[in-house]
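Take a look at the structure below.
Since this is a predicted model, take the numbers as computed values, not measurements. Computation of the quantities below employed the complete heavy-atom set of this structure, encompassing side-chain atoms and omitting hydrogens, waters and symmetry-equivalent molecules. A, B, ... follow the sequence lines: proteins, then strands. Residue 1 opens every chain.
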Amino acid sequence: MNRIAPDLVAELKVKEERKAGLPELPLAKDEKVVMRFAPNPNGAATLGSARGIIVNSEYARMYGGKFILRFDDTDPLLKRPMLEAYDWYLEDCAWLDAEPDEVVVASERMDLYYEYAEALIKRGAAYVCFCPADVFKTYKEQKIPCPHRTVGDVENIESWKNMLKGVYEEKEAVLRIKTDMASEDPALRDWVAFRILKREHPRVGKKYVAWPTLDFESAIEDHLLGITHIIRGKDLLKSEKRQRFLYDHLGWKYPITMLWGKIKMQEFGKFSTSELRKRIERGEYEGWDDPRLPTLKALRRRGFLPETIRKFFISIGVTQTDIAVSMKNLYAENRKAVDALASRYFFVRNPKELKLKDGQSFVAKALKHPSRKEYRVIRTGNTVYISGDDFAKLNAGQRIRLKFLCDVDIESIEPLVAKVVETPAKDVPIIQWAPSEGIKVVVKKPDGIDKGIGEPLIASELGNVVQFERYGFVRIDSVLEKEVVAYFTH
RNA sequence: GCUCCGGUAGUGUAGCUCGGCCAAUCAUUUCGGCCUUUCGAGCCGAGGACUCGGGUUCAAAUCCCGACCGGAGCACCA
């Protein structure tokens with residue numbers, strides 16, 4: 001086969017490789033791929049942001065191109081940026097192994113946008129419009145130009161300068177891009193490029209009053225940065241159509257665009273950054289890294305591996321359907337990676353004291369990991385703790401095994417007393433336990449808090465992901481003198 | 001209402017450009033079994049989908065038409 005048709009063999013191989021990663025990008029010849037992820041830093045990055053970060057950076061990597069992180073932070077009113085969030089994005093990118101080759105902050109490049117705005121006005125491609133929004137809407141619906149559309153450029157420039165100087169109040173004037181007032185699609189008729197917002201911007205303060213809309217700012221930036229491929233939400237489909245008018249006015253070539261549908265995590269339902277922010281400020285959550293939240297900060301704190309999240313989003317790819325994926329998929333992926341690393345420990349939730357008759361003190365030698373010959377030593381007096389869940393299923397006369405310690409026969413339930421058995425039997429239910437001198441453990445989970453007791457060595461695992469046997473994986477978040485706080489992974 | 005986009009198992013996803021090798025890939029979930037001094041781990045196995053109708057064709061998940069269902073935009077939000 002190889003001899004007869006080497007090309008065919010090569011082609012087949014390519015096809016197989018493709019399955020593993022992202023689909024190929026449509027490419028112009030000799031083109032250097034430049035991708036961007038352009039969030040508004042009005043909160044911490046969520047799983048949705050992770051998709052953008054990962055897919056864009058992965059494409060850049062696939063083609064030896066460039067990945068740009070651009071902060072589209074030009075709305076100081078409705079989507080007001082958060083000063084801390086800029087750095088958070090940088091941290092999250094680094095964590096996801098997606099460090100940007102370049103970082104651009106739109107609010108620091110306002111003068112650039114003003115230049116292009118002026119150039120467009122001079123070309124007769126944009127005009128200052130004084131129509132109140134509802135008045136313009138009726139013009140738009142009737143497909144007729146508003147009176148300001150035909151004003152000469154000298155007067156237009158003057159109005160524009162006044163806009164910049166703050167002569168007008170909010171909503172008094174906007175700069176519109178000329179498109180086609182007769183366009184079939186009302187969304188495309190003379191859209192707004194700048195509006196007046198006399199608000200303080202967390203980064204540049206009150207320096208500017210005329211702010212570009214996303215459509216304008218991102219159109220200019222995408223060209224200036226040499227973006228070759230844009231992936232954006234399909235709700236922004238119209239954006240492209242609007243921006244194309246601008247590109248035509250300026251004689252620019254529009255990047256290739258791909259659209260993707262909304263992604264929703266079944267467990268979290270709908271969440272918007274603004275909504276999260278409100279709730280956090282209201283104190284409903286402990287912060288942006290509260291384990292109940294779908295933020296990257298929270299997932300990191302819970303001990304998710306960045307590779308897991310990368311693989312997850314690469315496997316989902318770029319499709320236009322709206323999807324609702326379950327965290328279970330992410331858990332399954334993460335479990336594979338984490339299982340090999342995590343040391344095992346005992347933790348019992350809602351502990352119940354079990355008295356061992358005839359016992360003085362015991363020493364258990366327990367495996368740290370089933371596939372490694374490392375041990376942890378657990379000492380206990382003649383009482384141990386078992387979990388409330390196991391206790392609820394216990395009957396007098398039953399034999400159980402305290403893992404790595406001994407087999408016991410339950411003699412009575414109330415009080416809970418057991419007799420140590422010398423010869424171990426087969427097919428005995430095996431449960432975990434905690435020693436009499438155990439340490440208090442609090443586990444913060446997405447769906448609540450568990451309290452219990454664990455073996456003291458847990459305190460030595462600060463920052464690590466470990467497995468609490470028969471419970472789940474957790475990351476040891478903080479170690480206090482008498483208490484350990486763990487975040488539940490899955 | 002107008003404009004547009006999409007529909008492959010419970011959930012994601014591959015295949016669609018260029019029809020045949022598709023009785024449709026992979027993962028996850030579910031179910032069954034096995035193993036083990038843990039498990040929500042591991043191993044083995046099973047189940048489960050081309051929205052519907054018509055057309056083109058020797059041949060349709062793939063091309064065409066229609067219906068249905070779902071989603072989006074029509075903002076001085078991103």
Side-chain angles (χ1 to χ4, degrees), chain A residues 15-16 18-20 23 26 38-42 72-75 77-81 129 131-134 136-137 140-141 170-176 183-189 191-197 210-215 217-218 232-239 241-242 259 261-263 266 272-274 311-317 319-333 335-336 338-340 342 344-346 364 366-367 369-371 400-407 424 426-433 467-473 489-490:
Chain A
K15 243 187 173 172
E16 261 163 39
R18 204 178 288 174
K19 275 183 191 165
N40 174 11
N42 62 339
D72 284 349
D73 59 344
T74 58
D75 181 1
L77 176 61
L78 290 166
K79 303 272 168 92
R80 196 162 183 273
C129 174
C131 298
D134 52 330
F136 187 83
K137 197 177 176 187
K140 182 160 79 174
E141 278 162 4
E170 288 186 10
K171 307 204 172 200
E172 210 180 319
V174 294
L175 186 77
R176 289 187 186 278
S183 168
E184 280 305 306
D185 190 342
L188 303 184
R189 297 173 201 156
W191 51 273
V192 173
F194 283 84
R195 77 285 206 202
I196 295 165
L197 295 171
W211 289 92
T213 56
L214 177 77
D215 280 337
E217 175 267 330
S218 78
R232 62 172 141 226
K234 66 174 177 184
D235 52 321
L236 258 38
L237 174 70
K238 289 288 156 57
S239 245
K241 297 200 169 157
R242 281 194 284 260
L259 299 172
K262 269 210 208 96
I263 184 166
Q266 287 168 7
S272 71
T273 308
S274 330
K311 275 189 196 162
F312 179 69
F313 282 112
I314 289 170
S315 77
I316 286 174
T319 56
Q320 281 198 46
T321 351
D322 292 335
I323 54 175
V325 287
S326 168
M327 287 294 285
K328 282 181 184 174
N329 293 282
L330 195 61
Y331 294 162
E333 187 70 55
R335 187 146 44 224
K336 286 178 202 160
V338 130
D339 183 63
R344 272 56 172 168
Y345 291 99
F346 290 155
L367 279 169
H369 190 280
S371 59
I400 55 167
R401 177 171 300 152
L402 300 168
K403 194 182 175 189
F404 295 126
L405 188 67
C406 60
D407 287 9
K426 261 238 164 222
D427 295 326
V428 180
I430 301 162
I431 64 168
Q432 84 279 21
W433 51 277
Q467 188 195 70
F468 284 169
E469 296 200 27
R470 302 213 310 141
Y471 179 79
F473 292 93
T489 316
H490 44 72

Point to revise | A:D407 vs A:D73, nearer the 5' end of RNA chain B by closest nucleotide | key: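 The residue mapped nearer the 5' terminus is A:D407.
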**Study point:** Along RNA chain B (nearest heavy atom to each residue), the more 5'-positioned of A:R470 and A:I316
**Key:**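 Here A:I316 is the residue nearer the 5' end.
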Should [N] form a Watson-Crick or G-U wobble pair with both distances under 3.5 Å, which nucleotide is its partner?
{"N": "B:C4", "value": "B:G71"}
{"N": "B:G53", "value": "B:C65"}
{"N": "B:C16", "value": "none"}
{"N": "B:C43", "value": "B:G33"}
{"N": "B:G48", "value": "none"}

Check your understanding: When you check every protein heavy atom under 4.0 Å of nucleotides 29-36 of chain B, what one-letter string (B, S, -) results, 5' to 3'?
Key -> S-------
Practice item. Name all residues meeting the ring pair (Phe, Tyr, Trp, His ring centres under 6.0 Å) criterion together with A:W433; count only those two or more places apart in sequence or in a different chain, and write none if there are none. Key: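 Once residues adjacent in sequence are excluded, the partners of A:W433 under the ring pair (Phe, Tyr, Trp, His ring centres under 6.0 Å) criterion are A:F346.
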Which protein N or O atoms sit under 3.5 Å from an N or O of nucleotides 4-10 of chain B?
{"from": "B:C5", "atom 1": "O2'", "to": "A:Q320", "atom 2": "OE1", "distance (Å)": "2.7"}

Practice item. Round to a whole Å and report the spacing from CE of A:M327 to P of B:G12. Key: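 It works out to 15 Å between those atoms.
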**Study point:** Atom-pair distance (CD on A:E217; P on B:C76), nearest Å
**Key:**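 It works out to 18 Å between those atoms.
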